[in-house]
Undergrad: 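This is the structure I have questions about; it appears just below.
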Amino acid sequence: MPLKNFNTQHKISEQKIIRLSYSEEEKQQYLALALHLASEFFLRNPNKDVRLLVACCLADIFRIYAPEAPYTSHDKLKEIFLFITRQLKGLEDTKSPQFNRYFYLLENLAWVKSYNICFELEDCNEIFIQLFKTLFSVINNSHNQKVQMHMLDLMSSIIMEGDGVTQELLDTILINLIPAHKNLNKQAYDLAKTLLKRTVQTIETCIASFFNQVLVMGKSSVSDLSEHVFDLIQELFAIDPLLLVSVMPQLEFKLKSNDGEERLAVVKLLAKLFGAKDSELATQNRPLWQCFLGRFNDIHVPVRLECVKFASHCLMNHPDLAKDLTDFLKVRSHDPEEAIRHDVIVTIINAGKKDLNLVNDQLLGFVRERMLDKRWRVRKEAMMGLAQLYKKYCLHHEAGKESALKISWIKDKLLHIYYQNSIDDKLLVEKIFAQNMVPHSLETEEKMKCLYYLYACLDTNAVKALNEMWKCQNMLRGLVRELLDLHKLPTSEANTSAMFGKLMTIAKNLPDPGKAQDFMKKFNQVLGEDEKLRLQLEQLISPTCSCKQAEQCVREITRKLTFPKQPTNPFLEMVKFLLERIAPVHIDSEAISALVKLLNKSVEGTADDDDEGVTPDTAIRAGLELLKVLSFTHPTAFHSAETYESLLQCLKMEDDKVAEAAIQIFRNTGQKIETELPQIRSTLIPILHQKAKRGTPHQAKQAVHCIHAIFHNKEVQLAQIFEPLSRSLNADVPEQLITPLVSLGHISMLAPDQFASPMKSIVANFIVKDLLMNDRSVGNKNGRLWTADDEVSPEVLAKVHAIKLLVRWLLGMKNNQSKSANSTLRLLSAMLVSEGDLTEQKKISKSDMSRLRLAAGGAIMKLAQEPCYHEIITPEQFQLCGLVINDECYQVRQIFAQKLHVALVKLLLPLEYMAVFALCAKDPVKERRAHARQCLLKNISVRREYIKQNPMAHEKLLSLLPEYVVPYMIHLLAHDPDLTKPQDLEQLRDVKECLWFMLEVLMTKNENNSHSFLRKMVENIKQTKDVQAPDDPKANEKLYIVCDVALFVIANKSTSCHLDSPKDPVLPSNFFTPPDKDFINDKEYLSPEAKLVLQTGKIQTGVLGAVNKPLTVAVRRPYIKTTTSDTGSNASTNSQPNSPATNKSRLVLFRISLLFFHCDPYVNTKNAARSKLPFTQPSGKKRAAPASDGTENSMSSNPSAGSQPPANKPRRGRPPKNAAGVATPDKEAGATTGGGVGRGRKRAAPAQDPDSTASADPIGVKTPKQQKEAEPKRATPQRQIDLQR
């Protein structure tokens, strides 16, 4: 039959079939047709159109006979369905003219579920697999919804009405979910996805069986998809979590696998499942969630890393799980792996950027901690992340005030990083400040408003850090300016050497100083060759350079250095670092004007202070402080009448701090006021006079310095202040003395020649005789060792400022021709000997005595910074000054140590004063010892660096090389008042601790064989004698014993100390006599027992000491009370005016006051008075040490008194390490000082709360027997212990 006729007949048959109803008899009519259509002729016909028409007819036949089949042969039935399936491939081309017939075929098959007939066939699975493959392969985006629905109906009926889904058929469906196939045919993926959703109840068990065999039983051969199980689980979970109800427990099993890679794969999968946007898996399957969280602590690094990465998505998509994640992220933020710590930060910051409410304070705290990470990459990520959060929520206020308040701490913590030693940290803080905290791209008004309120909101340490940042940038600008000045000079060897020094210093302020040196040399060479580049750089660092000009200069310089272009140019990057540090991108004249306007608004009350979270008073004070700091770094920017007018208004304000800052700004910036702004000058002068006479002490100081700095007729101006103040001095009104004393002191320092004569008279007649040598009022006897500044009595404050006046007067003179310095040093020494109570009348309170001791010690230290006075300070006075660092008052020790450190680190004090830090080993407070060690490390580092950077320093090694501190330390320890019995094991152990406190820092590295140098130096000391007492065998024995302890420590801590010394050490001649060639000291002063104690740190007692532990009970030794008949009597603290103690005190006062008149009327009674003078050798009996209660031991005339042993002196400082019953410093807080401590120093005590009351009873642990014996022997109330942090 021709094809055309066949088509016609098919249409007729089709219409008949549709029209007819299907009774059993009618069905029989089509049986012959059904058999005929199933013949080989039609099923294998080469014409595809014929095959299509036959398939359509067969589909109609099946519809007629549904649900039965007209064919009884299973083979024939299989052949027919495979034939029909092959015809369905024609659905692929929707543009084919026969597509409608293909659609008709599909629709017919789906409508009556024809393929369900195949369930009766044994190998029906082959038919279904072929059908599913065909449908998934032909589906495409040109098919409409009806085609997809018929396909789904056809396939879902097979799945849902069959006995089950075989693995091969399941693979046919699941393969479309694999990412590779999914990307190739998105419509097949969608079809499989919809099919699985529709058949979830039926197919779930088949899926569970498949995963069970692969995951649990490990049968990877069951399916070709076994290697894609985790991808399939992810896709199935996304389609419908119900598909995996039985699979999830199997994943928990896999999480505990011994194979790290397998755990990693499961973790990656579960991370996607838990982190999915709408996933509820964590709440629905808590055991699996908890098991997954446990992988945060996995031993396998990639697993932990994957968990941390997951946390970011989880925080963003499931904020409710943040609480569960916090503890695990905390542990991972301290992970030993750098990459994991880094990713913890990224995780938290990314979540915070999306929404700040997604991260709690704990999570942000983890990032804050990582700003101090040991790895630069981690620190950088933490700092940049927090800076971005600050800019987004605090600067741009993207989430309101509440969010800004939540992270308001970020600005402070970021600036605190500037305290770190790493130059990379400092540079990053500067970059963050310029880009995120006060963006330099803002307009001037907005930029200064941002800076104004930022400065007002910073904490104290952050303000100091910001000030230091500006100071460092200004210092670097100065170095570059000096380098450019050297380029203007003719070429010479000296000029080249100076340039090299500048370049080395600049390189130290850039990252990677080693490479920076080479790049700076290259940059210097380019500067020498390119004059235009030099001019650009000069303009950049010019004081008049504006911010816009600075940005333009940086661009021009960068452009010139860009050629030739390279992918990476490390030289250009290094120059950019330099330019970023020296470019004034924030401050210029316009910026200062904007700041002043903001300040004026705050003063007038029209500013937005409250909206910015600060009070107007805080804004004004902070604004002035900001301007004060900028006046140091950018003084030229202040020179305008408008700025100075605003500052004059601030001078008239009641706030003392504001006025003080305004005066200081005038002092720093007003050099041209007198010549260019006469109106400002005429208004300013009377204000400065008033402040110098009646302002606060700080205002008076700044006023005097301001007059001296900016006025040409300063002599006349200072005289107009000096004369009325000098006439108005009245010691009876100490409240009105402080400001005059400050002004007079600074005037005498700034103009010593002009006021030399009147100042000498004031010092002798008023300062010493009338003020310092008299106690007019009785102090508060509350027993506290320290009180707040506002609780100090006016008289003591006046005395403190009087001491400062003496120092300033001497620093102004800078010579000792009149011997005034000697007299002053004796006065200060006497104050230290008397523990602050110079008159010894017991009128001054303990807290006031502490203030005076601190003032005296600081004064000696200040005078030592001037070479002419350092030469006349005796070793005894040096030792007295050094012992202040072991003062009984915590605050005295703290402040003195800080002053000492600052002066040493600036190389202002001689090297010998660094030895004082060795005494800090005795400090009972751990924090003080740690601070002292840090000070030593810093000082030693500064000195070593100075020697490296300054070739000329090699000529002054004796005063710069840190190792040369050892002779001073040995001499100081040999004269330590605690070293009373050189062979006492406990005292030797104290000496060793002090020595090791210093030597440990010095011996950290053995540079240039320094260990042998130290050994040689100590050996040389043993061949000399003590200059203080060259003929005293006991004094020299102490010196040699300390030397032996030092040698013992060096030998035990170093294996290379016995090598030859690189050079012969030089010993200070003012402490040690020159070596005597006839004197060879090879004696060992340490006993074997002493060496054992020094080696082990433990003191063995008795014969059985090696077996039984010693019974140690108290920190201090038992106090043995002496009777009057044996040694004399103690003067009572309530002595009457005519008592011997009072008479002696008057004698001392009169004698000291005469020092300032250079006359001695007591010629005939010299020996009687000398015993009371500081550092004079008495003829006869030695001066008794002060008692613990502040009284003096007066010797009895009984000749047998010398036979009575003195009272045991307590051990000062920390308790012995092996002392049983000795607890923490808190317990030591009650320990007291017994007997005489000698030379003005008592036992260093822990800190004390200024508000606490004193406790007279010592706190210590005693055995019942000792306690019983000690009860009747208690002396007068002891010096209390001070324990405040």
Side-chain angles (χ1 to χ4, degrees), residues 255 260 263-264 267-268 270-271 274-275 282 289-393 403 406-422 424-425 428-429 432 436:
L255 276 175
R263 293 198 307 276
L264 176 61
V267 165
K268 285 183 177 179
L270 287 177
F274 285 122
W289 170 244
Q290 293 299 329
C291 187
F292 174 77
L293 290 178
R295 292 306 96 205
F296 273 84
N297 299 327
D298 197 282
I299 194 173
H300 198 41
V301 173
V303 174
R304 301 201 303 273
L305 193 58
E306 193 62 36
C307 289
V308 169
K309 289 179 179 178
F310 146 79
S312 178
H313 302 287
C314 189
L315 287 172
M316 288 188 275
N317 295 333
H318 303 282
D320 53 305
L321 298 178
K323 186 177 180 182
D324 293 341
L325 290 171
T326 299
D327 290 340
F328 291 96
L329 286 175
K330 177 181 181 180
V331 177
R332 294 286 62 81
S333 69
H334 297 89
D335 196 282
E337 286 295 323
E338 174 186 344
I340 294 177
R341 300 197 304 275
H342 175 272
D343 279 15
V344 169
I345 296 166
V346 173
T347 292
I348 298 171
I349 294 299
N350 286 343
K353 285 180 184 176
K354 184 177 179 182
D355 185 351
L356 193 60
N357 293 322
L358 297 178
V359 291
N360 54 42
D361 292 337
Q362 275 186 288
L363 292 174
L364 291 173
F366 303 158
V367 182
R368 180 176 63 222
E369 290 176 3
R370 289 306 95 206
M371 288 198 296
L372 299 175
D373 196 276
K374 60 183 178 182
R375 295 292 183 183
W376 163 239
R377 177 173 170 241
V378 180
R379 298 199 304 273
K380 181 180 179 181
E381 190 65 40
M383 293 164 67
M384 288 301 298
L386 289 176
Q388 290 163 4
L389 292 181
Y390 177 82
K391 185 175 183 179
K392 182 174 183 178
Y393 296 111
S403 294
K406 179 180 178 180
I407 57 171
S408 60
W409 53 267
I410 289 180
K411 59 185 183 302
D412 298 313
K413 296 302 178 182
L414 284 172
L415 287 171
H416 290 173
I417 301 299
Y418 208 78
Y419 287 103
Q420 299 301 310
N421 293 326
S422 169
D424 291 311
D425 290 325
L428 185 57
V429 172
I432 287 171
N436 299 88

Undergrad: Between K406 (side chain only) and L356 (backbone N and O only), is there a donor and an acceptor less than 3.5 Å apart?
TA: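 Such a contact is found between K406 side chain and L356 backbone.
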Undergrad: Taking atom NZ of K268 as the centre, does the number of heavy atoms from other residues, nucleotides or ligands within less than 6.0 Å exceed 12?
TA: no
Undergrad: Take L293 and F274 through the test side-chain contact (heavy atoms from CB on, under 4.5 Å) and record every step on the way to the result.
TA: CA-CA 11 Å; L293 290 178; F274 285 122; over 6 Å; no
Undergrad: Drop me the distance from E306's CD to K309's NZ, to the nearest 0.5 angstrom.
TA: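 So the CD of E306 and the NZ of K309 are separated by 6.0 Å.
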Undergrad: Working to the nearest 0.5 Å, report the span between CG of N357 and CG of L315.
TA: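 With rounding to 0.5 Å, CG (N357) is 12.5 Å from CG (L315).
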Undergrad: Counting C-beta onward and ignoring hydrogens, is there a side-chain heavy-atom pair between H416 and K413 closer than 4.5 Å?
TA: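 Yes, at least one pair of side-chain atoms sits under 4.5 Å.
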Undergrad: How many angstroms lie between CD1 in I410 and NZ in K391, if you round to the nearest 0.5 Å?
TA: 14.0 Å
Undergrad: To the nearest 0.5 Å, how far apart are CD1 in I348 and CZ in R370?
TA: 10.5 Å
Undergrad: Could you tell me whether the side chain of R332 and the main chain of F296 form a donor-acceptor pair under 3.5 Å?
TA: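 Between the backbone of F296 and the side chain of R332 there is a qualifying donor-acceptor contact (under 3.5 Å).
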Undergrad: Just by distance, with hydrogens left out, do K353 and Q388 show a side-chain donor and acceptor under 3.5 Å apart?
TA: yes
Undergrad: Is a side-chain donor or acceptor of H342 paired with a backbone partner of E381 at a separation under 3.5 angstrom?
TA: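 Not a single qualifying donor-acceptor pair exists.
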Undergrad: Nearest 0.5 Å please: distance from the CG atom of N360 over to the CG atom of L363.
TA: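 Atom-to-atom, N360:CG and L363:CG are 4.0 Å apart.
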Undergrad: Any donor-acceptor pair under 3.5 Å linking the side chain of N317 with the backbone of G275?
TA: yes
Undergrad: For a quick test of reading the model, state the closest non-hydrogen atom pair linking V267 to F292 and the distance between them.
TA: O-CE1, 3.7 Å
Undergrad: Nearest heavy-atom pair of L358 and A351: which atoms, and what distance?
TA: CD1-O, 3.6 Å
Undergrad: Search all heavy atoms of M383 against all heavy atoms of D425 and return the closest pair with its distance.
TA: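 Taking M383 first and D425 second, the nearest heavy atoms are CE-O, 4.0 Å.
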Undergrad: Please list, chain by chain and in numerical order, all residues satisfying side-chain contact (heavy atoms from CB on, under 4.5 Å) with R375, sequence neighbours excluded.
TA: E338, R341, D373, V378
Undergrad: For V346, does its backbone N or O pair with a side-chain atom of D343 as donor and acceptor, under 3.5 Å?
TA: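 Checking the backbone N and O of V346 against the side chain of D343, no donor-acceptor pair under 3.5 Å is found.
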Undergrad: Between W289 and F310, what is the ring plane arrangement, given parallel below 30°, perpendicular above 60°, and tilted in between?
TA: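 W289 vs F310 ring planes: perpendicular.
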Undergrad: Check whether any side-chain heavy atom of L372 lies under 4.5 Å from a side-chain heavy atom of I417, and answer yes or no.
TA: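 They are in side-chain contact.
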Undergrad: Is there a side-chain contact between I299 and R263 in this structure, where contact means two heavy atoms from C-beta onward sitting under 4.5 Å apart?
TA: yes
Undergrad: What closest approach, in Å, do C314 and L325 show between heavy atoms, and which atom pair accounts for it?
TA: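 Minimum heavy-atom contact is SG-CD1, 3.7 Å.
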Undergrad: Can you see which heavy atom on P302 is nearest to which on L264, and at what distance?
TA: O-CD1, 3.5 Å
Undergrad: Just so I know, are the side chains of L305 and E337 near enough to count as touching, which here means a heavy-atom distance under 4.5 Å?
TA: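 Heavy-atom side-chain distance check fails, nothing below 4.5 Å.
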Undergrad: Compare all side-chain heavy atoms of N436 with those of L414 and state whether any distance is below 4.5 angstrom.
TA: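 Heavy-atom side-chain distance check fails, nothing below 4.5 Å.
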Undergrad: Passes side-chain contact (heavy atoms from CB on, under 4.5 Å), W409 versus L364? Steps please.
TA: CA-CA 10 Å; W409 53 267; L364 291 173; 3.8 Å; yes
Undergrad: Going from CE on M371 to CG on L386, what distance comes out if it is rounded to the nearest 0.5 angstrom?
TA: 5.5 Å
Undergrad: Short question: side chain of K323, backbone of D320 - any donor-acceptor pair under 3.5 Å?
TA: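 Here the side-chain-to-backbone pair does not exist.
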Undergrad: Identify the heavy atoms of K354 and Y393 that sit nearest to each other, and give their distance.
TA: C-OH, 4.1 Å
